[in-house]
Amino acid sequence: MVVMSTKQTVREQRIAYRRSLRASPDTKTQLDAALARNAAAFLRERGATGNVAAYFPLPSEPGGEALLPALAEVCRAVFLPISLPDGVLAWAVYDGATSTEGALGISEPTGARFTSAVLRSCDVVLAPALAVDTHGMRLGKGAGYYDRALDGLAVPVAALVYDNDVLDHVPHDAHDVPVAAAITPRGVLNFSGNPDAARPV
């Protein structure tokens with residue numbers, strides 16, 4: 001009998017992989033640059049040049065320093081999250097210059113704050129993930145910030161991951177909603193079409 005991995009087991013495996021990438025900074029920089037290019041191309045292809053939501057990548061997260069400047073070149077406004085108490089996110093516009101360290105040690109923009117209702121104005125939400133599977137199920141870090149922010153949202157969500165973070169199966173609950181796409185350094189997985197083949201952009 002095959003026992004499915006638990007969410008925590010998969011999280012630990014993906015975190016270990018990302019730590020190994022940080023030990024090879026040149027490789028990580030190249031992967032992040034490719035992912036940033038693919039994310040920008042994905043937005044252009046979708047005509048998503050108005051508002052989008054993204055995130056400040058932590059040193060271990062996909063995207064690196066290349067991500068936000070690449071998105072800002074394509075979009076009118078890039079909204080980034082601000083962590084509030086009780087697992088709630090607020091959002092402010094990335095201006096390329098002004099940020100402060102937030103409650104979780106993540107850089108956050110310092111401008112006017114909006115509730116997660118602002119996500120309804122976005123063409124696409126680019127969400128962090130530890131893993132995504134070939135059916136579009138996303139695995140986050142487990143704090144539930146994004147689950148709350150995205151609940152009931154009709155805007156397409158794309159997860160940003162490394163190619164090795166695309167798994168055959170991600171543990172999920174019945175209420176979990178798949179993302180529309182996964183963007184990797186190699187290409188884009190669109191889950192509304194053929195979920196098994198990444199295509200370069």
Side-chain angles (χ1 to χ4, degrees), residues 21 27-82 89 91-99 106-109 111-112 114 116-138 140 146 149-150 153-166 177-201:
L21 271 185
T27 298
K28 186 178 187 307
T29 297
Q30 291 172 6
L31 292 173
D32 287 338
L35 190 149
R37 286 192 301 270
N38 287 341
F42 172 81
L43 296 177
R44 287 191 189 97
E45 275 192 3
R46 294 186 71 105
T49 56
N51 295 344
V52 300
Y55 60 95
F56 264 114
L58 289 167
S60 62
E61 287 183 321
E65 295 179 1
L67 179 63
L68 294 178
L71 302 182
E73 283 187 13
V74 176
C75 302
R76 177 177 61 226
V78 180
F79 286 92
L80 302 179
I82 298 165
L89 292 178
W91 301 82
V93 175
Y94 167 73
D95 68 4
T98 311
S99 66
I106 301 170
S107 292
E108 297 176 344
F114 302 85
S116 288
V118 78
L119 299 181
R120 294 197 289 267
S121 75
C122 293
D123 297 324
V124 174
V125 174
L126 301 176
L130 285 173
V132 66
D133 70 20
T134 53
H135 302 287
M137 301 311 300
R138 170 188 168 272
Y146 272 83
L150 300 176
L153 187 69
V155 173
V157 178
L160 302 186
V161 292
Y162 294 116
D163 294 288
N164 284 1
D165 297 326
V166 179
V177 178
V179 295
I183 303 170
T184 78
R186 190 166 22 182
V188 175
L189 286 159
N190 282 301
F191 299 115
S192 57
N194 176 6
D196 297 318
R199 60 177 178 77
V201 293

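Just so it is clear, the structure is predicted and the values come from calculations on it, not from any experiment. Along the sequence shown, residues carry numbers from 1.
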_Minimum heavy-atom distance L126-L43, with the two atoms named_ = CD1-CD1, 4.4 Å

*Any donor-acceptor pair under 3.5 Å from N38 side chain to T184 backbone*: yes

*Quick one: does Y94's side chain get under 4.5 Å of L71's, heavy atoms only?*
no

_Over all atoms of both residues, closest heavy-atom pair of W91 and I82_ = C-CD1, 4.3 Å

*Kindly give the heavy-atom pair with the smallest separation between D123 and G50, and that separation in Å.*
OD2-N, 3.0 Å

*asked:* Would you compute the distance between atom CZ of F79 and atom CG of L89 and round it to the nearest 0.5 angstrom?
replied: 14.0 Å

*Might you point out which heavy atoms bring D32 and A66 nearest each other, and give the distance in Å?*
O-CB, 4.3 Å

*When you measure from the side chain of R138 to the backbone N and O of P128, does any donor-acceptor pair fall under 3.5 Å?*
yes

*For K28 and G64, indicate whether the former's side chain and the latter's backbone hold a donor-acceptor pair under 3.5 Å.*
no

*Just how far is it from atom CZ of F114 to atom CG of L119, taken to the nearest 0.5 Å?*
11.5 Å

*asked:* Among L153, V52, N51, which residue satisfies the side chain to side chain contact (heavy atoms under 4.5 Å, CB included) criterion with V125?
replied: L153

*Where do V155 and C122 come nearest, in terms of heavy atoms and distance?*
CG1-O, 3.3 Å

*Identify the heavy atoms of A40 and V74 that sit nearest to each other, and give their distance.*
CB-CG2, 3.8 Å

*Would F191 and V132 count as a side-chain contact (heavy atoms from CB on, under 4.5 Å) if you check the C-alpha gap in whole Å, the side-chain angles of each, and the deciding distance to 0.1 Å?*
CA-CA 11 Å; F191 299 115; V132 66; 4.2 Å; yes

_Under 3.5 Å donor-acceptor, T27 side chain and L21 backbone_ = no

*asked:* Quick one: does any side-chain atom of N190 pair with a main-chain N or O of A181 as donor and acceptor, under 3.5 Å?
replied: no

*CD/E61 to CG/L130 distance, rounded to the nearest 0.5 angstrom?*
8.0 Å

*asked:* The test is side-chain contact (heavy atoms from CB on, under 4.5 Å); show your working for V157 and Y146 and say whether it passes.
replied: CA-CA 11 Å; V157 178; Y146 272 83; over 6 Å; no

